[in-house]
Structures are given as structure tokens and as C-alpha cells.
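All remarks here apply to the structure that follows.
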Amino acid sequence: MYRNRHIHWALGALLATGLAAPLAAQEVVLAARSDTGGVSAGSGEERPRGLVTREELIVDRLRQMGIESPDPAPRKPKDHADSLVWNRHRRAADAIQGRKIVVSIYDRHLWLIDENGDTLISTRAGVGMGAVTAPSGRVYDFATPRGLRRVLLKEEEPLWNPPDWHFYSMGQRVRQFPEGGLTLDDGRRVVRRGEWIGYLSGGEFTPIPREESLSFDGILYIPPFGTENRKIPEVLGHFKLDTGGGIMIHGTNDPLAIGFPATHGCIRLDDEPLEQLYNEVKVGIPVYIY
């Protein structure tokens, strides 16, 4: 769900932890708001006080992540140069023969098109949020990359192996888990045994549950790749199609991100079209993003 170019300062906000409550608690179109100000409906009429649209929710979320003037759903290239690049990629997507997946970043949309040019699936999609500036001033890139990709792997009920920036978003001191393990104040050792990190006491090894963080003495330790402690369930939904480089087509436990530039580079779909897509395509199918 991201391109390995930078480390993000607030990942958990949009994936595992969320800056906003899950959409089930917010409603798809309107949601309760804690302030007391009325909100204009945009048509000159007043909406009931205390309600906001999905667009307003995503704007609030992006602002919290450091985007000063977020556009929740830009629909056109930002300038002439971007327009030329966008149109070049769109023409390249159209030129691909055979069954293909096509994603438009500006339209926030995904299509599955068959060999005859017929559209089998047409559905809204969440795409990357682009550049985000951390309070430190560092800029992080979470754009969905344009160009030709292919589905390299399909997986049901995938577990997310978050990049390091997920752990750096937790607001604690962060270190890599040492290869030789740790010794706690009570004398217990925290070590790796195969696929698990756990406690070693009196010669007995007790795995630390996946849902528990490796936080000791005010330091959050990053579990090594390959350990069960690194894996997080549900974040990717029920299916994923991996196109490599950290860019996947998958579900989400945060439906608010679907239809908006609110991901860390991946393409997120609603459950039903995602399952249909998963069943319709084979590994190797081209994916063109423009």
C-alpha cells in the first residue's frame, strides 16, 4: 500500500487504527458531528445541524494528516504538463489488447474489460493520497503510480505486513527488534523463535499474541518480517491482488477511503466488486493505472 520512497508519520490513521471512526459508525452519506455548527448543503439550502458529508469527513482526515488544502476528489489534471502525462497513460491503457484491469486515478474508478472490449466490472476505487507533509517538514509520497503493472499474486483473507512507517506512526520511540532479543527488568527474555516473538522464562517460550505490540520500557520494537507478530488481519479486506512494489488491489476495514484519494498508494474496492474481480481474473492479467 505504498511505494518504498518515504516513511509516513501517521499511517495507522488510515489503516489499522484510523483517524476517524469506521464508516459503519459514520454512515455512507451523512454522519454525526460533535461540533454544534450548521453545515451548508452546497445548494443554498441548510442541512440539519450536526451532519457532514463523506467529502467533508475525508477533508478533515487529510487535514489532520498534514495536507493543508485537500481536495477530496480532484477530477482533472492539475496543470498542462500533468494533462499531457495523464492523456498519454490513458491512451496506453486503451491500447492494451485482451482482458485487462484499468484504473483511473482522477475518476477514482476501476474497470475490468474483457477481450471484446466489454466492461465486466465498473466500480469506485480508493487511490493514493499523494504527497503528505509531516510536522517535521518532511514530505512523504503516497501516490498511486501510473503505468502498466500485472497481477503477480492473488490471496484470500490476506494478512497485512506493514512497512516500517506504520510503527513510526505510533507516536513512541521506535527501534528494530534486536536479533539477539531483549532482557526485561523482571529477568524475562523477549526472543524470536521461528515465526513468533515471545517471552522466554525458565526455559519455556510463550508467544506474544499478534494483537499485542512489542512495547517495552517506553520503546516500540518493530517485529521482523517473517514473524506472525508483524502480520495484521482485516486491514486488506477479504481479497488482495498484488501488483508488486507494495501496490495492491484489495479491500479495506475503512470504507471511507473508497472513492477518495485516501490510501497509501494501493487501490481499495468495496467487498462485492472486489470478490467479483478476484474470481474473474488470473495471475498475469495486465493492470494499467492512469
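Only heavy atoms go into these numbers, but all of them, side chains included; no hydrogens, no water, no symmetry mates.
No more than 12 heavy-atom neighbours from other residues, nucleotides or ligands sit within 6.0 angstrom of CD on E272. Summarising the local packing, CG of D185 is surrounded by 12 or fewer heavy atoms from other residues, nucleotides or ligands at distances under 6.0 Å. Residue E212 qualifies as enclosed at atom CD: its count of foreign heavy atoms under 6.0 Å is above 12. Other residues, nucleotides and ligands contribute at most 12 non-hydrogen atoms within 6.0 Å of the CD atom of E204.
Shortest non-hydrogen contact noted between V151 and V283 is O-CG1, 3.4 Å. Annotation for P163 and W160: closest pair CD-CZ2, 3.9 Å, computed over non-hydrogen atoms. Of all heavy-atom pairs spanning P261 and G128, the tightest one is CB-O, 3.5 Å. Closest heavy-atom contact between L269 and R124: CD2-O, 3.6 Å.
Going from atom OG1 of T123 over to atom CG of L274 covers 9.0 Å, rounded to the nearest 0.5 Å. Taking CD1 of I285 as the reference point, atom CD1 of I96 lies at 10.0 Å (rounded to 0.5 Å). Atom CE in M129 sits 9.5 Å away from atom OG1 in T144 (nearest 0.5 Å). Atom-to-atom distance recorded for K100:NZ and I113:CD1 is 5.0 Å, nearest 0.5 angstrom.
With R192 contributing its side chain and G194 its backbone, the two residues share a donor-acceptor pair below 3.5 Å. In terms of modelled atom types and a separation under 3.5 Å, the side chain of D114 and the main chain of N116 share a donor-acceptor contact. Using modelled atom types, one side-chain atom of R150 and one backbone atom of G284 make a donor-acceptor pair closer than 3.5 Å. For E195 (side chain) and R193 (main-chain N/O), no donor-acceptor pair under 3.5 Å exists by modelled atom type. Between the T263 side chain and the G265 main chain, a donor and an acceptor come within less than 3.5 Å of each other. Checking side-chain atoms of R188 against main-chain N and O of T183 turns up no donor-acceptor pair under 3.5 Å.
Counting heavy atoms from C-beta on, the side chains of C266 and H250 come closer than 4.5 Å. With contacts defined as side-chain heavy-atom distances shorter than 4.5 Å, the pair L182/L214 does not qualify. At least one side-chain heavy atom of S213 sits under 4.5 Å from a side-chain heavy atom of L220.
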Determine whether S104 and Y290 satisfy the following criterion, side-chain contact (heavy atoms from CB on, under 4.5 Å), listing intermediate values before the conclusion. CA-CA 5 Å; S104 170; Y290 69 87; 3.6 Å; yes
Would R99 and E280 count as a side-chain contact (heavy atoms from CB on, under 4.5 Å) here? Give the steps. CA-CA 10 Å; R99 181 167 292 206; E280 289 276 358; 3.3 Å; yes
Test side-chain contact (heavy atoms from CB on, under 4.5 Å) on W86 and R146; report intermediate values, then the result. CA-CA 8 Å; W86 182 73; R146 291 166 169 158; 3.8 Å; yes
Just do the side-chain contact (heavy atoms from CB on, under 4.5 Å) check on L112 and Q276 with the steps written out, would you? CA-CA 10 Å; L112 174 63; Q276 183 182 356; over 6 Å; no
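By the rule that hydrophobic residues join a cluster once side-chain heavy atoms approach within less than 4.5 Å of another member, I249 and I121 end up as members of one cluster. No continuous path of ILVMFWY side-chain contacts below 4.5 Å connects F205 to V190, so the two sit in separate hydrophobic clusters. No path of Ile, Leu, Val, Met, Phe, Trp and Tyr side chains, each step under 4.5 Å between heavy atoms, connects L184 with V191, placing them in separate hydrophobic clusters. Note: the hydrophobic cluster containing F177 also contains Y199 (ILVMFWY, side chain heavy atoms under 4.5 Å, direct or indirect links). Note: the hydrophobic cluster containing I101 also contains L120 (ILVMFWY, side chain heavy atoms under 4.5 Å, direct or indirect links).
The cationic atom of K154 (NZ for Lys, CZ for Arg) lies less than 6.0 Å from the six-membered ring centre of Y278 and within 45° of the ring axis.
In this model, a donor atom of one side chain and an acceptor atom of the other lie less than 3.5 Å apart for Y106 and D82.
Aromatic ring orientation, H89 versus Y288: tilted (interplanar angle from 30° to 60°).
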Distance-only donor-acceptor pairs under 3.5 Å for side chains of residues 229-243, two or more places apart:
residue	atom	partner	partner atom	Å
N229	OD1	I197	N	2.7
N229	ND2	I208	O	3.0
R230	NE	P162	O	3.0
R230	NH1	P223	O	2.7
R230	NH2	P162	O	2.8
R230	NH2	D164	OD1	2.8
K231	NZ	E228	OE2	2.9
H238	ND1	E157	OE1	3.3
H238	ND1	E157	OE2	3.0
K240	NZ	E155	OE1	3.4
D242	OD1	G244	N	2.8
T243	OG1	R149	NE	2.8
T243	OG1	I247	O	2.6

